[in-house]
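All ligand and atom numbering here is 1-based and tracks the order in the structure. Nothing here was measured: the structure is a model prediction, and the numbers come from that model.
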Amino acid sequence: MNKHAPTLPAGRRSVDEITQGRRLRRMRKADWSRRLVQENRLTVDDLIWPIFLIDGENRREDIPAMPGVHRLSVDLAVKEAERAAKLGIPALATFPNVDLALRDQTGSAILDPDNLINRATRAIKAAVPEIGVITDAALDPFTSHGHDGILREGIIVNDETVAQVGAAAVLQARAGADIVAPSDMMDGRIGAIRDALDEAGFQDVAIMSYATKFASAFYGPYREAIGTKGLLKGDKKTYYIDHANSDEAVREAEQDLAEGADMLMVKPGLPYLDIIRRLKDEFAMPTFAYQVSGEYSMIEAAAANGWIDGEKAMLESLVAFKRAGCDGILTYFAPRVAEMLKG
Ligand code: PBG
C-alpha cells in the first residue's frame, strides 16, 4: 500500500502500475545510498596541472583572462611543483610564454637546449624528481606568427615542422621530460618523435598525443597566457580537426597509435565528451582530456558573477570526464581540486 498515492480518475494507471514497481529513486534516497552506488569518482590521481612559465626570477604574473592562474618564473614553478607533489598530483604540463625577441618565423628557439621549457624541466626534476613532467612539443610559443608550424609562403609546412618537433622532443627528453606531448597536429609527428627519441636512447620517454585537437574558440585565454593572441593571423583550420567531425577524430587517434603514441588526449574537453567515449571504447588506451583555458574561464567568470556555484561546477565538470571514459584530466583547477579532495 502506497500511503501517499493520490486518488486517480477511473481508468488512469497508478505510478506503481506504470513502473511495475521499478522505482529508480530508491537508491537516491540518502547520502549513504548515493555514495554506495556512485559509479565514477574523481581522485587526485586523475589530475595533470598545466602551468605557464616566464623568464626571470621571483615573477608571478596575473593572466586577466584566467583569474587565479599565473605565469611563473622557473624558481616559482619549482615551488608550485613541490606543492603539487605534496598534494599528490601525479604530473605537471608546462607551457612557456617566450620573450617576444626570441620568437621567429620558424620557432627556432624550440631547438635551444636552454630555452624556458627545458630550463624549467631541469629545475623541477632536480628539486621534485617524483613528479611527472610533460612538455609541449609544439612551435606556437616560439613562432613570431603564433602558428604551431613553420610558415612558408602562407602555408604551414608539415614535414619541415615534424623534423623540428622531433629534434625538440629529444632536447626536452634530455632535460628530463617524462612525457612528450606534441600538440601541433602535423601528420607523422608521433612516428618521427618516437624514432628521434629511440635513436637518442630515450626509449622510456612516453608520448602523449594530442591526437584529437579541434579548431576551437575555447583556446582564447591560453593565447593571452602565452602571448600568441596578438600575433596569430588567420586560424588553425589547416591542421586542427574541424569541430563538426567525429569519424576523423577516430582516424587521427588510430594513426597516432599506429605511429607509437602511448596515451591519447582529446582537446578541448567538455564540448567533446562524445569523442572521449568513442576513443576509449574503440582503442581502450590511456585517454586524457584537456579542460582548456576557455572552459576554465567560463566557470570562473560565471562563478565570479554569482551565476553558478564555481566549486560545484568545477567538480561536476571533472567527474563528467571520468564518466566519459577519461583516465585523467589536464585542468587548471588541479591544485584547487587536490586541496579540496584532501580536506
Ligand atoms: C597550441 C596549444 C593550444 C593550447 C595549448 N597548446 C591551442 C592554441 O593556442 O591553438 C590550448 C590550451 C588551453 O586553451 O588551455 N599548441
Side-chain angles (χ1 to χ4, degrees), residues 47-53 63-71 92-98 103 106-107 109-110 115-117 134-151 156 158 161-162 164-165 168-169 172 179-186 189-190 193 207-243 252 256 265-272 288-301 314 317-318 321 329-334:
L47 304 172
I48 295 172
W49 183 14
I51 60 170
F52 295 111
L53 306 166
I63 302 161
M66 300 183 74
V69 176
H70 306 273
R71 299 183 196 97
L92 301 176
T94 56
F95 296 93
N97 181 310
V98 175
R103 303 190 198 199
T106 63
I110 199 171
N115 66 24
L116 189 49
I117 297 189
I134 304 174
T135 51
D136 183 25
L139 296 184
D140 58 299
F142 301 98
T143 55
S144 49
H145 42 74
H147 279 290
D148 301 26
I150 296 171
L151 188 59
I156 302 296
N158 192 90
T161 300
V162 166
Q164 184 150 314
V165 167
Q172 293 179 356
I179 299 176
V180 172
S183 69
D184 60 14
M185 294 298 287
M186 296 297 127
R189 72 209 189 290
I190 301 296
I193 289 173
I207 302 177
M208 173 188 270
S209 171
Y210 285 66
T212 71
K213 183 164 180 185
F214 293 86
S216 170
F218 291 100
Y219 306 141
Y222 168 90
R223 292 181 187 168
E224 179 179 315
I226 68 154
T228 54
K229 189 177 162 196
L231 303 176
L232 191 65
K233 284 179 198 69
D235 54 44
K236 301 191 175 184
K237 288 181 184 169
T238 70
Y239 44 106
Y240 292 175
I241 305 175
D242 182 340
H243 56 245
E252 273 287 358
D256 286 1
M265 189 217 290
V266 175
K267 176 180 179 184
L270 223 46
Y272 298 86
F288 293 78
Y290 197 144
Q291 182 178 49
V292 299
S293 56
E295 300 177 66
Y296 170 86
S297 298
M298 284 194 301
I299 292 176
E300 283 301 293
M314 164 180 90
S317 67
L318 293 168
F321 290 115
I329 308 119
L330 289 96
T331 175
Y332 301 101
F333 289 122

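- Among all non-hydrogen protein atoms, the one lying nearest atom 6 (N) of ligand 1 is Y222 OH, 3.1 Å.
- Here is the list of ligand 1 atoms found below 4.0 Å of a heavy atom in Y332: 12 (C), 13 (C), 15 (O).
- Contact annotation: the side chain of I207 approaches that of P182 to within less than 4.5 Å [non-hydrogen atoms, C-beta and beyond].
- Scanning all heavy atoms of the two residues, the minimum distance from R71 to A225 falls at NE-O, 2.6 Å.
- Considering NE2 of H145 and CG of L151, their distance stands at 4.5 Å, rounded to 0.5 Å.
- Side chain of E295 to main chain of V292: a donor-acceptor pair is present (N/O by atom type, distance under 3.5 Å, no hydrogens or angles).
- A donor atom on one side chain and an acceptor atom on the other are found under 3.5 Å apart for S317 and Q291.
- Only the side chain of Y240 comes within 4.0 Å of ligand 1, judged by heavy-atom distances.
- Not a single heavy atom of Y296 lies less than 4.0 angstrom from ligand 1.
- Note on ligand 1: D140 sits in its first shell, one or more heavy atoms being nearer than 4.0 Å.
- For the 3.5 Å distance criterion, the side chains of K267 and Y210 fail to qualify, holding no donor opposite an acceptor.
- Between R189 and D256 there is a salt bridge, since at least one side-chain N of the basic residue sits less than 4.0 Å from a carboxylate O of the acidic one.
- Within ligand 1, counting atoms from 1 as listed, the ones closer than 4.0 Å to a heavy atom of A138 are 16 (N).
- The proximity of D148 to ligand 1, defined as any non-hydrogen pair under 4.0 Å, is limited to the side chain.
- Between S183 and ligand 1, a contact under 3.5 Å exists for at least one N or O pair.
- Near Y290, meaning under 4.0 Å from one of its heavy atoms, ligand 1 places the atoms 12 (C), 15 (O).
- At the shortest separation from atom 2 (C) of ligand 1 among protein heavy atoms lies K213 NZ, 3.1 Å.
- If you look at S293 next to ligand 1, the close heavy atoms, those under 4.0 Å, come from the backbone and the side chain alike.
- Surrounding NE2 of H243 are at most 12 heavy atoms belonging to other residues, nucleotides or ligands under 6.0 Å away.
- The ring-ring contact (aromatic ring centres under 6.0 Å, His included) test with F95 is passed by exactly one of Y222, Y219, Y332: Y222.
- Of all protein heavy atoms, the one lying nearest to atom 9 (O) of ligand 1 is R223 NE, 3.0 Å.
- Remark: minimum distance from atom 5 (C) of ligand 1 to any protein heavy atom is reached at K267 NZ, 2.8 Å.
- Those atoms of ligand 1 with a heavy atom of K236 less than 4.0 angstrom away are 8 (C), 9 (O), 10 (O).
- Atoms CG and CG, from D140 and D184 in turn, are 8.5 Å apart once rounded to the nearest 0.5 Å.
- Polar contact with ligand 1: absent for Y210 (N/O pair, distance under 3.5 Å).
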